[in-house]
Amino acid sequence: VTIFLSGPMGAGKSTLARAFSESGARVIDLDAAIEARVGVSAAEIIRTRGEAELRTIERALARELVHAADVMALGGGTVIDRALRRELLRAGTLITLTASTDVLARRIGDAADRPLLGTDVRGSLARIVEARADAYAECHATLDTTDATPGALVERVRAIHAERPIVVPLGTRTYGIRVGAGVVARVENEVERLTPTRVVLVCDRNTRQHASIVFRRLAERVPLTEIVLEPGERHKTLTTVASIWDTAIDAGADRRALVIAVGGGVVGDVAGFAAATLLRGVAFAQVPTSLLAMADASVGGKTAIDLAQGKNLVGAMHQPRFVLADLDALATLPAREHRSGLAEIVKAAWLAGEDDVRVLEREASELVSDPYRVAEPLRRALATKIAIVAEDELETGIRAHLNLGHTVGHAIEAASGYARTHGECVALGLVAALRVGVALGDATASDLARMTRLLDTLGLLTDADDVLRDPRLLDYIRRDKKRDGDTVRFIVPGQPGNVRIERIEAAKIVSMARG
Ligand SMILES: NC(=O)c1ccc[n+]([C@@H]2O[C@H](COP(=O)([O-])OP(=O)(O)OC[C@H]3O[C@@H](n4cnc5c(N)ncnc54)[C@H](O)[C@@H]3O)[C@@H](O)[C@H]2O)c1
């Protein structure tokens with residue numbers, strides 16, 4: 001895996017690349033590689049053939065060399081291309097180097113060979129940095145190089161790379177996800193970066209012990225308010241949200257408050273909705289403690305509460321500022337909840353394709369017994385979700401794929417009066433969805449058998465026949481958020497890696513799912 005160094009001209013990419021080279025790393029300087037390939041410098045290409053031509057050459061070469069070195073110093077404008085930038089984010093660790101405009105200008109000097117700068121070097125630099133703000137923000141870490149020695153920066157970049165950070169690329173709203181044992185220790189740094197006036201910590205009775213760790217770490221640094229909710233889906237209501245609003249306002253929360261959810265998907269959804277609406281929106285962060293919340297609910301920005309009429313019927317999009325998925329928290333998670341989380345991981349694997357499904361099939365029995373074994377499938381599930389969210393944050397298209405298994409799953413969950421867990425219902429919903437896939441000719445009987453076997457091995461219920469006979473199911477499906485008049489946008493699965501959206505009448509979904 002490669003480290004990519006990005007940032008505006010003068011930020012120190014080449015200097016840092018040299019320091020890496022001196023420390024024994026294999027280094028590619030993309031500008032030098034372009035010159036070696038084309039025979040003239042990048043600056044000369046801009047002057048004679050235009051910037052667009054340089055970008056075309058640069059894109060092709062960056063893709064060709066992506067795995068050819070340990071460290072690649074990119075050109076200042078390489079990451080302008082969204083598709084390439086997202087590929088680099090997936091392929092390795094992308095670091096943006098920064099410095100103030102004054103420092104950049106001083107380092108560049110008279111700009112003799114910088115055709116993009118013209119005569120007003122400072123002004124041009126400021127405009128370029130501003131225009132590329134979204135592109136530079138989409139990175140695993142931003143490092144100011146003003147006062148750091150190259151040696152110290154090499155160590156810092158290596159340390160970041162070793163942590164295998166994950167990033168949700170959304171322009172200047174980009175945020176990081178840390179997955180691993182002990183990552184909650186990062187909470188001080190993350191909070192310090194955001195400089196909130198108050199932290200409102202929201203947890204439930206079962207996750208309070210994990211919230212206490214966060215509380216102790218932040219207590220000396222920032223005014224804190226702790227809110228402990230009653231656990232369970234039954235409390236994912238407006239009443240709970242109102243209690244968070246009241247407590248936060250009474251404690252003196254202002255618009256620079258930060259709400260941190262420490263808990264499963266229910267805490268995340270209610271605290272997130274409270275944060276999205278409090279004072280028209282305050283910052284929000286997630287410390288997920290259930291496997292389901294780590295793999296799915298804490299990432300992507302959906303927040304919601306339930307109504308008597310059905311699940312998640314009121315909510316808002318509100319992205320977190322950071323996510324810390326500390327695997328140590330899984331030690332106290334009940335086995336039943338652990339299995340529930342695996343259901344969302346199966347869903348993500350089926351969306352991703354054959355490789356991810358095979359990993360689960362191979363490791364199924366260990367995944368049930370050992371929380372730390374889930375790290376790799378969890379990372380894969382996150383990668384799948386992030387790739388989809390990054391393309392379609394507001395669900396105008398492919399984000400709906402994440403709803404695989406959820407149309408029937410949510411209806412089963414609501415019909416059970418939330419006696420079944422979300423993950424258990426998703427498992428039943430996945431079986432139902434595969435049956436619909438078979439009925440429509442997208443999936444084969446062996447795909448259905450494969451999905452069923454995998455869920456069975458993970459200890460999830462797969463016998464959907466009884467629940468599918470429940471007459472209330474139809475009403476719940478009719479009220480699904482993906483409803484469009486009489487039809488529901490249903491995610492029809494085929495083989496792993498293949499799903500499509502079809503509008504189907506609720507009654508027809510139920511009859512096909514019954515098989
Ligand atoms: N926003 C999204 O994108 C999204 C995605 C998927 C699911 N969800 C929502 O997430 C919810 C399901 O999440 P969930 O399964 O985490 O539910 P949950 O929050 O109810 O957690 C399940 C149970 O485990 C307990 N728990 C959580 N972490 C624990 C720990 N470390 N130790 C001991 N007990 C612990 C909780 O108190 C609760 O009793 C549903 O409401 C679902 O709609 C949201």
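The shown structure was predicted, so the numbers you read here are calculated from the model rather than taken from an experiment. Order of appearance sets the numbers: ligands from 1, and atoms from 1 within every ligand.
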Exercise. Among Arg399, Lys302, Arg173, find the residue that satisfies the salt bridge (Lys or Arg N to Asp or Glu O under 4.0 Å) test when tested with Glu393.
Key: Arg173
Quiz item: Are a donor atom and an acceptor atom from the side chains of His338 and Ser290 found within less than 3.5 Å of each other?
Solution: no
Self-check item: Under 4.0 Å from ligand 1, counting heavy atoms only: the protein residues, by chain and number
Solution: Asp204, Asn206, Thr207, His210, Pro231, Glu233, Lys236, Gly264, Gly265, Val266, Asp269, Thr289, Ser290, Leu292, Asp296, Ala297, Lys302, Lys311, Asn312, Ala329, Thr332, Leu333, Pro334, Glu337, Glu344, Lys385, His422
Quiz item: For atom CZ of Arg178, is the number of surrounding heavy atoms from other residues, nucleotides or ligands below 6.0 Å larger than 12?
Solution: yes
Quiz item: Do Glu190 and Arg193 meet the salt-bridge criterion of a basic N to acidic O distance under 4.0 Å?
Solution: yes
Quiz item: Can Glu233 and Lys311 be counted as an ion pair, charged N to O under 4.0 angstrom?
Solution: yes
Quiz item: Counting only heavy atoms not in Arg380, do more than 12 sit closer than 6.0 Å to its CZ atom?
Solution: yes
